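Below you'll find the structure, written out as structure tokens, and then a few comments.
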Amino acid sequence: MKLKRTHKVIEMQENLVGEKVILTGWVQKRRDHGGLIFVDLRDRSGVCQVVFNPDLGAETFTTAEQIRNEYVIAVQGTIYARPEEMYNEKLATGKVEIYADSIEVLNKSKTPPFSINDEIEVDESVRLRYRYLDLRRPEMQKNLILRHKAIKAIRDFLDQQDFLEVETPILTKSSPEGARDYLVPSRVNPGEFYALPQSPQLFKQLLMVAGYEKYFQIARCFRDEDLRADRQPEFTQLDMEVSFMDKNDILTLNENLISFVFKKALDVEVPVPFKRITYKEAIDKYGSDKPDLRFGMELKDLSELAAGSDFKVFAEIAKKGGQVKAINAKGCSNFSRKEIDDLTKFAAIYGAKGLAYMVITEDEIKSPITKFFKEEEVKEILSTLDAAPGDLLLFVADKPQIVADSLGHLRIEIAKKLNLIDENELNFLWVVDFPLLEWDEDEKRYSAMHHPFTSPIAEDIELMTTDRAGEIRAEAYDMVLNGVEIGGGSLRIYRRELQEKMFRLLGMSDEEAREKFGYLMDAFEYGTPPHGGLAFGIDRMVMLMAKKDSIREVIPFPKTQSATDLMTNAPSDVSERQLKELHIKLNLKQK
RNA sequence: GGAGCUGUAGUGUAGCGGUUAUCACGUCGGCCUGUCACGCCGAAGAUCGCGGGUUCGAUUCCCGUCAGCUCCGCCA
């Protein structure tokens, strides 16, 4: 390489006119006019036009004739101001151009499978196969730069607040509870396996035992579960733990952190404190533990009314511990039969066996169910739902969870359909007072809603040994942004007796608890401070900052829905020798 | 494990029981000294994802399968 870069492309501005510069980068576009060639040169910083004129060097011009898109070149030239009528408003460097007197082709390029510049409309599988080209696109570079800025801001803020960044093992111990583990066979311990961490949970608690007081880590986590637009098998968390802080301290700290990060990375003001609502209120009003509060359309409970009515379908469900709830789709009385059918199908995804409706017009109520209700009952329904002519009321009667799920999602679906959501709003909130436990129907036992190290709320501890364990509230909290859970945490149990009690409640024998978590409980006996913490999903947070619908857009090398990497072709076979060393025999189903 | 959507030159697409398989961008060649979505002329480029079936004939219809995506289950 004879030509050594002197400037970044983006530095090509009017103030440097007349200077001799050397730029390096990729050929974004070549426009060959025969006697004059324009090349848009792109580096990480931006794009600038380079002009090749045979008068400035015949050899240079001949070389320029041969270059193609995505060639890597170094160009030496002089910066000229463009005449005003030749400004290119679309380019950040559009007021100048470089007159090249020398060029060096550093590398050639095959014709790329898709265009590098613009908004891609290429199938994602092609993008993933050629991810190194996809990542060249300014859009993707913007996303990764944003990610960098967000993480940098996190580090800066926490460093200021006296936190220490500490690393924890990637090869660790498999634990029951939670997601499926990724396992790693141990060569030196035949038949035994490490697990990749689902999160650094226990290590960070042990760092609190060890007296580090304020810990954080940008930690990779692994969970072998099925993928979604916002779920990858490996993902990045801001993992955090503090000692001697109460819940309020922790929430405030994290509100300030997020506010700082959005300011630094996006230059957006995020006012604090955030709204806080209880889990119960979230489920009751929005049918979700991560409600999107950018719009209303709350769920209204009609169970009591339904139970006393003559409408048998509703009444029986309401009397048998089910619920009857409804939402008011304001102004949707014009929905067609098909649109309502589609909403019914949509509700069915979440287990709703039906979707009853009332179409409210000026002079009547069109509905298959109105006839089952007395006039006062209809009136009460209308007033509960604040119904007016033009509205569409949608009812689901079922088990509480199905009612919440189906109406909760319906609420969002309709809001999207009606464009009720302001895409520029950032609606942060805390959901607090989660239940400690949830009933696992398959296992016929309780499991921890957050994780088994979460502390119950002090006044609910006495319920642990009663049959009302399902009512115990946890010292747990989630941060929600625009209907997406971006972080969650809790105050932890820090006394051995309480932790043992918790394991028993989860149906774990003392022996099993000792075998799996004995080291933690032993540690609790050596002066463990009260502590708690939180973990943010960095991928999700950056996804929302970048206004994307998938975390794959903010992850450089993501996996497909079937957890494969289309570029490397991982996962793949390994040699018989490798398996043998690991003492592994395959037991595959015949194809 | 399940439901839905998608699959046609390098890319994005049109199409339909019988076509020379459409168009655009890109690519290649020629011309072009002010373009920046350069322009003009010309050319090449498609096992219509794969397998099977129905049919005289399938890219088109049916079944299966594979891949990608969205979702349910799952994910403390």
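The structure displayed is predicted, hence computed values, not measured ones. Below, read A as the first sequence line, B as the second, and so on, with proteins coming before strands; counting in each chain starts at 1.
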Inset, instruction - Is it possible for you to check whether A:Lys417 lies under 6.0 Å from the centre of the six-membered ring of A:Phe335, through NZ or CZ, and within 45° of that ring's axis? - result: yes
Inset, instruction - Could you tell me if the ring centre of A:Tyr80 sits under 6.0 Å from that of A:Tyr99? - result: yes
Inset, instruction - Check the distance between B:C75's C1' and A:Met449's CE and give it to me in whole angstrom. - result: 13 Å
Inset, instruction - Rounded to whole angstrom, note down the C1' distance from B:U55 over to B:C61. - result: 10 Å
Inset, instruction - Have a look at A:Ser447 and say if it touches a base, only the backbone sugar-phosphate, or nothing, with a 4.0 Å heavy-atom cut-off. - result: nothing
Legend entry - Separation of B:C36 P from A:Leu36 CG (nearest whole Å): 13 Å
Legend entry - side-chain hydrogen bond (donor to acceptor under 3.5 Å, both in side chains) involving A:Trp430 - partner list, sequence neighbours excluded: A:Glu255
Legend entry - Contacts of A:Glu124 that satisfy side-chain hydrogen bond (donor to acceptor under 3.5 Å, both in side chains) - sequence neighbours left out: A:Arg552
Under 3.5 Å, N/O pairs linking protein and nucleotides 70-74 of chain B:
residue	atom	partner	partner atom	Å
B:U70	OP1	A:Arg552	NH1	3.2
B:U70	OP1	A:Arg552	NH2	2.9
B:U70	OP2	A:Arg552	NH1	3.4
B:U70	O4	A:Gln561	OE1	3.2
B:C71	OP2	A:Ala229	N	3.2
B:C72	OP2	A:Arg228	NE	2.9
B:G73	N7	A:Arg228	NH2	2.8
B:G73	O6	A:Arg228	NH1	2.9
B:G73	O6	A:Arg228	NH2	3.2
B:G73	N1	A:Asp226	OD2	2.6
B:G73	N2	A:Asp226	OD2	3.2
B:C74	O2'	A:Glu225	OE1	2.6
B:C74	O2	A:Arg231	NH2	3.1
B:C74	N3	A:Arg231	NH1	3.2
B:C74	N3	A:Arg231	NH2	2.8
B:C74	N4	A:Arg228	NH2	3.3
B:C74	N4	A:Arg231	NH1	3.1

Legend entry - A:Gln232 CD - B:C69 C1' separation (whole Å): 13 Å
Inset, instruction - Sort out the partner of B:U47 for me: Watson-Crick or G-U wobble, both distances under 3.5 Å, none otherwise. - result: none
Legend entry - Rounded distance in Å between the C1' positions of B:A3 and B:C23: 35 Å
Legend entry - Distance-only polar pair, side chains of A:Gln28 and A:Trp26, donor-acceptor under 3.5 Å: no
Inset, instruction - Kindly state whether the ring of A:Phe235 and the ring of A:Phe222 have centres lying under 6.0 angstrom apart. - result: no
Inset, instruction - Could you tell me which nucleotide pairs with B:C74 by Watson-Crick or G-U wobble geometry, both distances under 3.5 Å, or answer none if nothing does? - result: none
Legend entry - Watson-Crick or G-U wobble partner of B:C36, both distances under 3.5 Å: none
Inset, instruction - Identify which nucleotide among B:G68, B:U11, B:C36 has an atom closest to any side-chain atom of A:Ser125, counting heavy atoms from C-beta outward. - result: B:G68
Legend entry - Euclidean distance for C1', B:G7 against B:C50 (whole angstrom): 11 Å
Inset, instruction - Would you state whether a donor and an acceptor, one from the side chain of A:Glu85 and one from the base of B:G34, lie under 3.5 Å apart? - result: no
Inset, instruction - Grab the CD1-P distance between A:Ile116 and B:U11 for me, whole Å please. - result: 13 Å
Legend entry - Set of salt bridge (charged side-chain N to carboxylate O under 4.0 Å, His left out) partners for A:Arg540, sequence neighbours left out: A:Asp230
Inset, instruction - Examine the base of B:G34 for any acceptor or donor lying under 3.5 Å from a partner atom in the side chain of A:Tyr99, and report the outcome as yes or no. - result: yes
Legend entry - No-hydrogen, no-angle side-chain donor-acceptor test under 3.5 Å, A:Thr568 and A:Asp565: yes
For nucleotides 23-29 of chain B, list the nitrogen or oxygen atoms of the protein found under 3.5 Å from its nitrogen or oxygen atoms, one pair per line.
residue	atom	partner	partner atom	Å
B:C28	OP1	A:Arg68	NE	2.9

Using a cut-off of under 3.5 Å, enumerate the N/O to N/O pairs linking the protein to nucleotides 45-47 of chain B.
none

Legend entry - Derivation and outcome, salt bridge (charged side-chain N to carboxylate O under 4.0 Å, His left out), residues A:Asp239 and A:Lys204: CA-CA 8 Å; A:Asp239 193 51; A:Lys204 69 174 170 180; 2.8 Å; yes
Legend entry - Heavy atoms from other residues, nucleotides or ligands near CZ of A:Arg473 exceed 12 (cutoff 6.0 Å): yes
Legend entry - Interface with RNA chain B, restricted to residues 41-54 of chain A and to heavy atoms under 4.0 Å: A:Gln49, A:Asn53
Inset, instruction - Could you check A:Phe434 against A:Tyr279 for ring-ring contact (aromatic ring centres under 6.0 Å, His included), going step by step and ending with a plain yes or no? - result: CA-CA 5 Å; A:Phe434 276 79; A:Tyr279 171 88; 5.2 Å; yes
Inset, instruction - Using the P atom on both, measure B:U13 against B:G57 and round to a whole Å. - result: 33 Å
Inset, instruction - For B:C25 and B:U20, measure between their P atoms and round to the nearest Å. - result: 25 Å
Legend entry - A:Lys90, nearest nucleotide to its side chain (from B:A37, B:C36, B:C38): B:A37
Legend entry - By side-chain hydrogen bond (donor to acceptor under 3.5 Å, both in side chains) - contacts of A:Asp341 (at least two apart): A:Arg337
Inset, instruction - Between A:Gly178 and A:Ser562, just flag the one whose closest nucleotide in RNA chain B comes earlier from the 5' side. - result: A:Ser562
Legend entry - A:Leu566 CG - B:C69 C1' separation (whole Å): 12 Å
Legend entry - B:G45 and B:G4, which share atom name C1', separated by this distance in whole Å: 35 Å
Inset, instruction - Between B:U22 and B:U60, how far apart are the C1' atoms? Round to whole Å, please. - result: 15 Å
Legend entry - Whole-Å distance separating the CG atom of A:Asp123 from the C1' atom of B:U13: 13 Å
Inset, instruction - Can you sort out the partners of A:His451 under side-chain hydrogen bond (donor to acceptor under 3.5 Å, both in side chains), two or more places apart, ordered by chain and number? - result: A:Gln201, A:Thr454, A:Arg492
Legend entry - Set of salt bridge (charged side-chain N to carboxylate O under 4.0 Å, His left out) partners for A:Asp32, sequence neighbours left out: A:Arg30
Legend entry - Distance in angstrom units between A:Tyr130 OH and B:G68 P, rounded: 16 Å
Inset, instruction - Please determine, for B:U13, whether a Watson-Crick or G-U wobble partner exists with both distances under 3.5 Å, and give it or none. - result: none
Inset, instruction - Return each pair, listed once, that meets side-chain hydrogen bond (donor to acceptor under 3.5 Å, both in side chains) where at least one residue sits in residues 60-73 of chain A; pairs must be two or more places apart or across chains. - result: A:Arg42-A:Glu70, A:Glu70-A:Arg136
Inset, instruction - Pick the C1' atom in B:A9 and in B:G49, then give their distance to the nearest Å. - result: 14 Å
Legend entry - salt bridge (charged side-chain N to carboxylate O under 4.0 Å, His left out) involving A:Asp405 - partner list, sequence neighbours excluded: none
Inset, instruction - Go ahead and name the base partner of B:G4; Watson-Crick or wobble counts if both distances stay under 3.5 Å, otherwise write none. - result: B:C69
Inset, instruction - Using whole Å, report how far CZ of A:Phe38 lies from P of B:A37. - result: 12 Å
